[in-house]
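This report refers to the structure that appears directly beneath it.
Heavy-atom basis, side chains included; hydrogens, waters and symmetry copies ignored. In this text the structure is predicted, and so the values were computed from the model without any measurement. Below, chains carry the letters A, B, ... as their sequence lines are ordered, and counting in each starts from 1.
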Number of protein chains: 2
Amino acid sequence: MRIESTLVSVDVLALRFDAAARAVVLGIAPRELEPFAGALALPGVLLGRGERLRDAALRAATGKLGLPEVASTGQLVTFDEPSRDPRGPTLSVALWATVDPAAPADGPVWVPLDAVPPLAFDHNRIVSDCRPLIQDRLWRDAAFTSGLLGREFTTAQALDVTEALTGDRPYPANLGRTMERVPGLHRTTQHAAAQAKGGRPPSVWRWED
Amino acid sequence: MRIESTLVSVDVLALRFDAAARAVVLGIAPRELEPFAGALALPGVLLGRGERLRDAALRAATGKLGLPEVASTGQLVTFDEPSRDPRGPTLSVALWATVDPAAPADGPVWVPLDAVPPLAFDHNRIVSDCRPLIQDRLWRDAAFTSGLLGREFTTAQALDVTEALTGDRPYPANLGRTMERVPGLHRTTQHAAAQAKGGRPPSVWRWED
DNA sequence: TAAATAGTGTCTGTGAGACACTATACA
DNA sequence: TGTATAGTGTCTCACAGACACTATTTA
């Protein structure tokens with residue numbers, strides 16, 4: 001294939017809340033083709049002619065990570081360093097994608113967002129540059145937040161996700177007030193099933209349909 | 001030229017503070033080539049192979065608007081609607097660029113950001129989608145703000161710019177406190193030359209080198 | 001002095017953060 | 001009852017907004 005103009009790739013930061021580990025994990029996979037064959041990398045595909053960014057992101061999540069479905073996606077930034085791909089100058093549009101925590105998610109390697117191993121290309125830079133942008137979306141971008149936590153979640157899980165993304169754990173009262181103000185999010189009167197270790201069962205929050 | 005893959009164009013929102021009109025104006029120019037020849041449009045160029053987004057934005061500002069220089073640039077968002085260009089699917093990366101208010105700026109048509117005429121392609125949509133992103137940068141992004149106001153400016157100009165972008169005029173005391181907290185920005189002991197219409201001369205603010 | 005513009009001191013309300021205290025579970 | 005977890009009431013502080021009052025200029 002003769003490369004005539006700038007190529008565009010879409011690289012995906014696939015995020016999933018691992019309730020058991022109380023962490024937000026990033027989906028990566030070993031590359032099958034050169035360059036960097038065998039090395040871990042963000043799932044990425046070349047943008048097809050006329051393809052939407054979101055569709056390319058879904059294609060990457062499905063094809064490279066083997067995920068059956070993705071909750072929601074959104075745009076982050078575009079990386080334009082000409083030497084970022086050894087095959088030649090390539091633009092990379094970074095997108096986030098959230099995976100429902102309840103859905104099965106075998107296939108990808110899931111690594112905590114705070115302990116991402118060395119990746120192919122400039123992918124470590126992409127992750128670190130996008131980290132603050134992702135953090136900023138929590139509780140502000142409803143699609144992102146509901147994609148990450150699922151349609152229904154407990155206060156405890158909300159605390160865990162916030163701690164995983166921002167680095168420190170908010171006080172329950174304060175996070176509760178933040179959540180009350182998120183449009184479309186409501187505190188229910190239900191309580192989650194009791195924990196293994198005992199303790200008061202947390203209350204449940206739910207997104208409007 | 002045979003189009004093999006997705007083309008990438010860079011469209012620039014060139015912004016300039018017009019102190020006399022107390023407005024922030026957007027630089028546009030009639031298109032010279034088809035499609036939309038003769039219609040007003042944002043300056044845009046096709047991204048060259050290996051070209052940086054910033055360089056393409058400068059090329060657009062220089063070539064299409066005839067501006068001698070640009071103060072600073074930055075990325076906004078990428079538009080991916082496949083039908084946005086009748087020639088075929090084209091990605092458009094939107095960038096802002098600021099033009100020093102003191103520099104001569106003949107050439108482009110300058111229109112107030114609040115009264116943008118119908119433009120070619122989806123450029124009106126680009127402007128309206130990017131408007132909140134631009135507004136958000138004022139006083140938060142030092143490169144953007146200093147590019148728009150210049151190295152030295154008065155409190156009155158700061159009030160005007162803020163009013164032009166946000167829609168309402170802050171109280172001087174409040175804006176002063178906001179500016180005190182902007183890193184690299186200092187209130188000087190100088191006062192500007194007196195106004196034509198009389199009134200107390202405004203004090204001068206300056207960016208650190 | 002009047003009109004026009006700029007700047008200051010201070011009050012208020014909102015929201016984030018902090019923390020002691022209360023509630024509900026299991027062993 | 002003790003331990004572990006969750007939730008509540010309330011205090012404090014920072015900051016945005018509001019506004020009356022003061023300051024400095026031209027005519």
> Are any side-chain N or O atoms of A/Arg84 and backbone N or O atoms of A/Thr90, one a donor and one an acceptor, separated by less than 3.5 Å?
Replying inline: yes
>> Here's a test of your reading of the structure: between A/His191 and A/Asn174, which maps to the more 5' nucleotide of DNA chain D?
In response: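 The residue mapped nearer the 5' terminus is A/His191.
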> Which residue lies toward the 5' end of DNA chain D, B/Pro172 or B/Arg181, if each is placed at its nearest nucleotide?
Replying inline: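 Closest to the 5' end, via its nearest nucleotide, is B/Arg181.
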>> I want to verify a distance call: between D/dT25, C/dA25, C/dA18, whose nearest atom is closest to the B/Pro201 side chain?
In response: D/dT25
> side-chain contact (heavy atoms from CB on, under 4.5 Å) between A/Val25 and A/Leu113: does it pass, once the steps are laid out?
Replying inline: CA-CA 5 Å; A/Val25 288; A/Leu113 211 43; over 6 Å; no
>> At less than 3.5 Å, do the side-chain atoms of A/Arg177 and the base atoms of D/dT10 form a donor-acceptor pair?
In response: yes
For a quick test of reading the model: is some side-chain N or O of [X] closer than 4.0 Å to OP1 or OP2 of [N]?
X        : N      : value
A/Tyr171 : C/dG17 : no
A/Ser203 : D/dG7  : yes
A/Thr155 : D/dG7  : yes

> How close do B/Leu159 and B/Arg169 get, heavy atom to heavy atom, and via which atoms?
Replying inline: CB-NH2, 3.5 Å
How long is the line joining [atom1] of [X] and [atom2] of [N], in whole Å?
X        : N      : atom1 : atom2 : result
A/Glu163 : D/dT5  : CD    : P     : 13 Å
A/Arg187 : D/dG7  : CZ    : P     : 7 Å
B/Trp205 : C/dG7  : CH2   : C1'   : 11 Å
B/Leu159 : C/dT8  : CG    : P     : 12 Å
A/Asp168 : C/dA16 : CG    : P     : 14 Å
A/Arg200 : C/dC26 : CZ    : P     : 14 Å
A/Met179 : D/dT8  : CE    : P     : 10 Å

> If you look at every strand shown and take non-hydrogen atoms under 4.0 Å, does A/Arg169 touch a base, only sugar-phosphate, or nothing?
Replying inline: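 The residue A/Arg169 makes no contact with any strand.
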> So which of B/Thr145, B/Thr178, B/Thr162 actually passes side-chain hydrogen bond (donor to acceptor under 3.5 Å, both in side chains) with B/Trp139?
Replying inline: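 The passing option is B/Thr162.
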>> Between B/Ala156 and B/Ala173, which residue's closest nucleotide on DNA chain C lies nearer the 5′ terminus?
In response: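 It is B/Ala156 whose nearest nucleotide is closer to the 5' end.
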> Can we say A/Asp100 and A/Arg16 salt-bridge, meaning some charged N sits less than 4.0 Å from an Asp/Glu carboxylate O?
Replying inline: no
